[in-house]
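Each ligand, and each atom within it, is numbered from 1 in the order the structure gives. Side chains are part of it too, since the values below use all heavy atoms of this structure and drop only hydrogens, waters and symmetry mates. Note that the structure is a prediction, hence the values are computed from the model and not measured.
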Amino acid sequence: MEPLLFYRHMSIHAAIEEKGRSALNQIEVSSDLEALDAVRVSVLGKKGSLSEALKQLGQVPPEERPKLGALANEWKAKIETAIEARKEILAAAQIEADLIRTRVDVTLPSRKIHLGSLHPITRTIRKVSDTLGRLGFDVTTGPEVETDFMNFEAVNIPKDHPARDMQDTFFLGPGVVLRSQTSPVQMRTMREKKWPVRILCPGAVYRCDSDATHSPMFHQIEGLWVDKKVSMSDLKGVLDFFAKELFGSHVKIRLRPSYFPFVEPGAEVDVSCALCAGRNPHCQVCKGTGWLEILGAGMVHPRLFELAGYDPSEISGFAFGMGVERIAMLLHDIPDLRLMFQGDQRFLKQF
Ligand code: DAH
């Protein structure tokens, strides 16, 4: 028999056994799946040690070959089984290690969640809506981009009417304005549905005006109640309830005759000063007058009913409109209107 090229000092038998045992050893000590696979390739791969040993089979006498072939297969199977077993152990260890590495300590305090708060304007709109909602007022809305007709003519402010000057309007185009008041929603609502009507309309309004007490965008809430036999005393009852709910049961209201084109008669409505009730001539809130103006109101002008397609002889109604910022300032003692539009966290956090 010629000396072996590859395993010069051992018989092929011994070489297979030696390679097999060494492989089992390596498998046993492989520390991760990658290392284990490297062992597999180095032993069972095309150029692996066991395969190389088998290639020498051609050099042994034919009668020896089946025995050696069987031995090689036996080792191959042993090694494969050992690899599978090791693989299971390593995979489990890997999972275990991953779990430890990514473990979350659920007892740690959580990161602080910063919840926002409601803007005083939103709070005030909700408070007014909730309060009057208990008297059956439904909240409705209308467009902020309004027709000149709806903003003015439809609520009885004709083209040449001086009241137009009271409301410096932003014109967007011919016949189109940014609404300067929520009153057009009265007309929109009445044109859309038959009476009885009992609605509130909160929303933004725009006027070309800006200083310490005026903002070019501010908010109003419009109220409208139309039904058979609605009277001025209903209006007073609603407003009295409203003022007491908002500012405290000790406040009173007072109506002063005033003029708004969409009502007749019209009134400006004051609440008694919740702070001094008129007893402090130097009161910061009411400036010593004892009264604070909160809204405009009146009995719906018959002209509006006609324009809406209602029969003024059948029904009557009252309307009111208030500035939300003004109410918010009174409710929360806010000294400057501009604070509401600056988005300063130190201010907003207080609500
Ligand atoms: N629209 C008026 C304004 O912007 C407020 C107002 C006054 C509304 C009297 C009304 C009302 O509905 O009856 O100044």
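With ligand atoms numbered from 1 in the order given, ligand 1 contributes 1 (N), 2 (C), 4 (O) to contacts under 4.0 Å with heavy atoms of Gln181. Interface atoms of ligand 1 facing Gln186, defined by a heavy-atom separation under 4.0 Å, are 12 (O). Applying the 4.0 Å criterion to heavy atoms of Gly298 picks out, from ligand 1, the atoms 13 (O). Counting the atoms of ligand 1 from 1 in the order shown, those under 4.0 Å from a heavy atom of Gly296 are 7 (C), 9 (C), 11 (C). Each of the atoms 1 (N), 8 (C) of ligand 1 lies under 4.0 Å from some heavy atom of Ser183.
For the ligand labelled ligand 1, residue His301 lies outside the 4.0 Å heavy-atom shell. Heavy-atom distances between Gln220 and ligand 1 reach below 4.0 Å in at least one pair.
For atom 2 (C) of ligand 1, the choice among Phe262, Phe318, Phe320 with the nearest heavy atom turns out to be Phe262.
Salt-bridge check for Glu84 with Arg40: failed, with every basic side-chain N at 4.0 Å or more from each acidic carboxylate O. Salt-bridge annotation for Arg21 and Glu17: present, with a side-chain N of the basic residue lying under 4.0 Å from a carboxylate O of the acidic one. With salt bridges taken as basic N to acidic carboxylate O contacts below 4.0 Å, one links Arg256 and Asp270. A salt bridge does not link Arg134 with Asp130: none of the charged nitrogens is closer than 4.0 Å to a carboxylate oxygen.
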Solution key, residues 89-100 side-chain donor-acceptor pairs under 3.5 Å, sequence neighbours excluded:
| unit_1 | atom_1 | unit_2 | atom_2 | d |
| --- | --- | --- | --- | --- |
| Gln94 | NE2 | Asp98 | OD1 | 3.4 |
| Asp98 | OD1 | Arg101 | NH2 | 3.1 |

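Contact annotation for Ala319 and ligand 1: heavy atoms of both the backbone and the side chain come within less than 4.0 Å of the ligand.
For Glu63, the CD atom is densely surrounded, since the number of other residues' heavy atoms within 6.0 Å is greater than 12.
Residues forming a salt bridge (charged side-chain N to carboxylate O under 4.0 Å, His left out) with Glu74 (at least two apart in sequence, or on another chain): none.
No N or O atom of Ser180 sits closer than 3.5 Å to an N or O atom of ligand 1.
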